[in-house]
Amino acid sequence: MATNEPTPTIDFIREIINRDNETGKYGGRVATRFPPEPNGYLHIGHTKSICLNYGIACQYHGTFNLRFDDTNPSKEEQEYVDSIKEDIRWLGADWEDRLYFASDYFEQLYDYAVQLIKKGKAYVCDLSPDEIREYRGTLTEPGRESPYRNRSIEENLDLFERMRQGEFPDGSRVLRAKIDMASGNLNMRDPAIYRIKHAEHHRTGGKWCIYPMYDFTHCLSDSIERITHSICTLEFEDHRPLYDWFLDELGVYHPRQIEFARLNLTYTVMSKRKLLQLVQEGHVSGWDDPRMPTVAGLRRRGYTPEAIRNFATRVGVAKRDSTVDIALLEHCLREDLNLRATRVMAVLRPLKVVIDNYPDGQIEQVEAVNNPEDPGMGTRMIPFSKTIYIEQDDFMEDPPKKFFRLAPGREVRLKHAYYITCADVVKDASGNVVEVHCTYDPASRGGGTPDGREVKGTLHWVSAAQAIPVEIRLYDHLFTKEDPGEDGGDFRTLLNPHSLEVLTGCLAEPSLAEARPGRPYQFLRQGYFCADSGDSRPDHLVFNRTVPLRDSWAKIQKAAK
RNA sequence: UGGGGCGUCGUCAAGCGGUAAGACACAAGCCUUUGGAGCUUGCAUUCGGAGGUUCGAAUCCUCCCGCCCCAGCCA
């Protein structure tokens, strides 16, 4: 990752690593991993984990593995492994040549299971799923031991082998760890470690009909890869005794599992289930809808990897459940875009302005700075002429206090061009202003006058004849409530009906004809935009508003109400 | 008395017995050829509550209160 990003503070995980390094627990070595299940798209919550794991690996000169946790063939697909790899790469985390799949370890995992059986620590159980649930007991009552719990090692070995050979139907038997049916921790009440699933696996095909469970697979995969610190989210905290149990019973290399609080964001949802529902029910156009908190959605919206990474380090790492204000994410975005976005002019809701004293048919080119934050980005020329368009919001016939824009008799600056003064308005039959007539001061070219007189407002504009038509999509938060998951109601009733507003008939300066996805622009006084990677074409440009500029005029208006 | 975790500003989050960092948000002001950006200032006498230990407690002890997770042959 780039080095100009803020140095993370010493969070509790780095403290643990520092301590392990001091005591030499792992010989000073640091190895982390990101272990996604390929059953969905990555979202902003995952980026916190990726940045944490990759960031730690970089900081301690260690290694970072990408390992797909693909132990459930009925839920996992190649499409997801491809998108996950693409997203992680785009984010900037590099697993180099360490791309692994838990399914690569199936043979070894099988051997470990056999070892457990031989130690008398695992047995084949013939109870049905319902019976197993019954025998498990409840949160407050202990469970009962399975009648199959004390089968002989020989019988278990034979049965397990036959499970592998495909002799039994799905759900008929399961291999269980023999631990403690009375444990207060339900995970320790003889958890299943292998189940029968006659299903095609996206990588191993039809080779297996038994598949290992998460708890058994994860710790051993970490062990096989010599991971030192296995970082996961809070809900796995009470799986840790089990993680440790398998490793201890098998006497193998033992990584340390550490849990941290997952990321929650206001005005959005993060669960895979809900995200999938939004896609399947058509509330959004797909996983990469620019309103989605998915990495694909954020990318299409115009977010940059730098902004996301910066955000990830600024939210910190701790164990307390928390919901970060989405304003922080947007702040990180603006902070990054402000430095790199090319400033251009586009009018979202055009209002025609005729400059009466400007020569008919004359077109001149005015020079515009591409980015005041970075003079190195140079300048460009923009056409100016007698008929231009400004923003409807920038004119008011009867302006309130503190309105610094155009109004009858008022003089304003056209950015990069001239001062104009409003002389007259033209209205339609229903009284709407459809055209404004102005005069300009030829001495104000470039935006200043010899007499040094000041104007309060500066407007963006486009020249009518040269402007190009574009479609602009404005986005707002997907939900109307800070926490759409609150009090168990149907989160779909909280969808923001105005999360997408499509504007057609927008006009942009000619240079935007060259706009391509992935390149950030600031539409002056409006916000940051990018060409839409899905729908923008050279003959039909479509721009997404990545995030609006902060708008203090909007605040004044709001305060006035 | 099922087990596991967590409670510091509106939201994140430092703090690790020596007298509450920082960020976002918010507010006021300056500046400005983007009402953008930038700059300045303000914003927890108090750390879930009550006791206790101590010269001194957000930090240690006790009790209480609140919130989150766990009863998939999901991860």
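Since we're looking at a predicted model, the values are computed, not measured. To find a chain, count down the sequence lines: A is the first, B the second, and so on, and within it residues start at 1.
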OP1 or OP2 of [N] versus the side-chain N and O atoms of [X]: is any pair under 4.0 Å?
X: A:R262; N: B:A75; answer: no
X: A:K272; N: B:A75; answer: no
X: A:R136; N: B:C73; answer: yes
X: A:K319; N: B:G4; answer: no

Using the P atom in both, what is the distance from B:C47 to B:C9, to the nearest Å?
-> 10 Å
Taking atom P in both B:U8 and B:C60, compute the distance separating them and give it to the nearest angstrom.
-> 15 Å
Apply ring pair (Phe, Tyr, Trp, His ring centres under 6.0 Å) to A:F384 and A:W461, showing your working.
-> CA-CA 9 Å; A:F384 181 82; A:W461 53 274; 5.2 Å; yes
Glycosidic class, syn or anti, of B:G51 using a 90° window around 0 = anti
Contact class for [X] (heavy atom, under 4.0 Å): base, sugar-phosphate, or nothing?
X: A:T138; value: base
X: A:T71; value: sugar-phosphate
X: A:V317; value: sugar-phosphate
X: A:R525; value: base

Kindly indicate whether the side chain of [X] and the base of [N] share any N or O donor-acceptor pair separated by less than 3.5 Å?
X: A:Q526; N: B:U34; result: no
X: A:D238; N: B:G3; result: yes
X: A:Q557; N: B:G35; result: no
X: A:E76; N: B:C74; result: no

Report yes or no: is the cationic atom of A:R176 (NZ for Lys, CZ for Arg) under 6.0 Å from the centre of the six-membered ring of A:Y123, at an angle within 45° of the ring normal?
-> no
A:E76 and A:R203 ion-paired at < 4.0 Å | no
Let's test this: given Watson-Crick or G-U wobble pairing with both distances under 3.5 Å, identify the partner of [N].
N: B:C26; result: B:G42
N: B:C6; result: B:G66
N: B:G51; result: B:C61

Nearest-neighbour nucleotide for the [X] side chain, [options] considered:
X: A:N72; options: B:G2, B:C74, B:U34; answer: B:C74
X: A:R320; options: B:G7, B:G35, B:C12; answer: B:G7
X: A:D321; options: B:G72, B:U34, B:C68; answer: B:C68

Counting distance only, does the side-chain N/O of A:H198 pair as donor-acceptor with the main-chain N or O of A:F168 below 3.5 Å?
-> yes
A:E509 (side chain) donor-acceptor with A:M345 (main chain) under 3.5 angstrom = yes
